[in-house]
Amino acid sequence: TLLMIAPDVQVYKEAVSNPIYPHFFVHQISVMDESAGLYHTLSYSMDIRYRTTSDPSTDLRLQKNLDEMSLLLLTNFNIIDFDGGKIRCSNKTTEKEDGVLHFFTTLKTMVRLEKKEKNIKQMKLEVKIDG
């Protein structure tokens with residue numbers, strides 16, 4: 001979805017020493033699992049950071065650029081098609097801090113886990129006590 005709405009913006013999942021500007025940095029804050037039998041609802045709390053320049057004090061249009069990207073992120077992160085499944089986005093908010101736009105969202109998806117039989121081997125524990 002990031003590449004769809006901003007194809008010329010680099011996307012990073014890990015910190016890099018010399019990032020290309022503008023860029024997104026995708027940071028997973030937490031994961032929560034709500035189990036119900038074989039089905040699990042996974043909720044990923046995300047912070048997607050958008051930065052347009054290395055020195056925000058030199059960009060005269062910075063606030064306008066951040067506001068435009070904020071609107072794009074809020075309107076395009078609703079339902080995401082992913083590997084044949086759907087991911088729902090909720091709790092969407094944005095904040096601007098020190099020339100960086102923070103887009104917070106929760107991504108929810110349901111997965112079905114296959115039930116596997118466990119083979120449990122019985123083991124004998126032999127204890128020898130001298131005494």
Side-chain angles (χ1 to χ4, degrees):
T1 301
L2 290 173
L3 294 174
M4 181 188 74
I5 63 174
D8 298 330
V9 178
Q10 183 69 38
V11 178
Y12 297 108
K13 290 194 251 179
E14 296 177 3
V16 293
S17 56
N18 292 319
I20 297 171
Y21 292 95
H23 67 263
F24 292 108
F25 178 73
V26 180
H27 176 66
Q28 178 181 310
I29 299 170
S30 65
V31 179
M32 189 171 76
D33 177 13
E34 299 169 17
S35 301
L38 292 178
Y39 292 94
H40 293 260
T41 300
L42 301 177
S43 299
Y44 296 85
S45 296
M46 306 295 289
D47 174 10
I48 300 172
R49 300 173 196 151
Y50 174 69
R51 191 161 185 172
T52 61
T53 182
S54 59
D55 183 3
S57 65
T58 62
D59 190 350
L60 298 175
R61 297 186 54 214
L62 179 64
Q63 295 306 313
K64 183 179 178 189
N65 289 340
L66 295 180
D67 289 340
E68 288 171 355
M69 184 55 71
S70 175
L71 201 61
L72 280 172
L73 293 169
L74 288 168
T75 57
N76 283 285
F77 273 80
N78 295 309
I79 302 289
I80 300 171
D81 291 319
F82 183 75
D83 279 345
K86 304 272 187 202
I87 297 175
R88 188 170 27 110
C89 303
S90 60
N91 304 325
K92 300 181 291 185
T93 60
T94 61
E95 294 176 10
K96 294 184 283 186
E97 180 183 320
D98 298 327
V100 178
L101 173 70
H102 293 265
F103 172 63
F104 298 100
T105 187
T106 302
L107 306 176
K108 289 188 176 187
T109 187
M110 185 176 281
V111 295
R112 183 172 189 264
L113 299 179
E114 296 291 326
K115 188 174 183 178
K116 296 181 180 178
E117 283 191 36
K118 296 180 181 176
N119 289 330
I120 301 173
K121 294 183 179 179
Q122 291 184 354
M123 298 174 56
K124 288 184 179 179
L125 179 62
E126 292 183 29
V127 179
K128 186 176 185 180
I129 301 174
D130 291 328

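What you are looking at is a predicted structure, and each value in this text was computed from that prediction instead of being measured.
- Leu71 and Phe103 are assigned to two separate hydrophobic clusters, defined by single-linkage of ILVMFWY side chains at heavy-atom distances under 4.5 Å.
- The backbone N or O of Ile20 lies less than 3.5 Å from a partner atom in the side chain of Tyr12, making a donor-acceptor pair.
- Hydrophobic clustering, with ILVMFWY side chains joined whenever heavy atoms are under 4.5 angstrom apart, groups Ile80 together with Ile48.
- Counting all heavy atoms, side chain and backbone alike, Phe25 lies closest to Glu14 at CE1-C, 3.4 Å.
- Tyr44 and Val31 get closest at one heavy-atom pair: CD2-CG2, 3.4 Å.
- Smallest separation of non-hydrogen atoms from Leu3 and Val9: CD2-O, 4.1 Å.
- Taking OG1 from Thr105 and NZ from Lys108, the interatomic distance works out to 10.5 Å, rounded to the nearest 0.5 Å.
- The two atoms that bring Pro56 and Gly99 nearest to each other are CB-CA, 3.8 Å, heavy atoms only.
- Between the CG atom of Leu72 and the CG atom of Leu2 there is a distance of 11.0 Å, given to the nearest 0.5 Å.
- Rounding to the nearest 0.5 angstrom, the gap separating the CG atom in Asp47 from the OG1 atom in Thr93 is 9.0 Å.
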*Could you please spell out the steps behind the side-chain contact (heavy atoms from CB on, under 4.5 Å) verdict for Glu34 and His40?*
CA-CA 6 Å; Glu34 299 169 17; His40 293 260; over 6 Å; no
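- A distance of 7.0 Å separates CD1 of Ile79 from SG of Cys89, quoted to the nearest 0.5 Å.
- In this structure, the separation between CZ on Phe24 and CD on Gln10 is 11.0 Å, given to the nearest 0.5 Å.
- Crowding of Arg49 atom CZ: a count of heavy atoms from other residues, nucleotides or ligands under 6.0 Å exceeding 12.
- Asp55 and Ser57 form a side-chain donor-acceptor contact under 3.5 Å, judged by distance and modelled atom types alone.
- Looking at Ser70, its side chain never comes within 3.5 Å of a backbone N or O of Leu66 through a donor-acceptor pair.
- Contact check for Leu107 versus Met46: side-chain heavy atoms found under the 4.5 Å cut-off.
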*Just do the side-chain contact (heavy atoms from CB on, under 4.5 Å) check on Phe77 and Lys92 with the steps written out, would you?*
CA-CA 8 Å; Phe77 273 80; Lys92 300 181 291 185; 4.2 Å; yes
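- With Lys13 contributing its side chain and Val26 its backbone, the two residues share no donor-acceptor pair below 3.5 Å.
- Qualifying salt bridge (charged side-chain N to carboxylate O under 4.0 Å, His left out) partners for Asp81, counting only residues two or more places apart in sequence or in other chains: Lys86.
- For the atom pair OG1 of Thr106 and CE of Met32, the computed distance is 8.5 Å after rounding to the nearest 0.5 Å.
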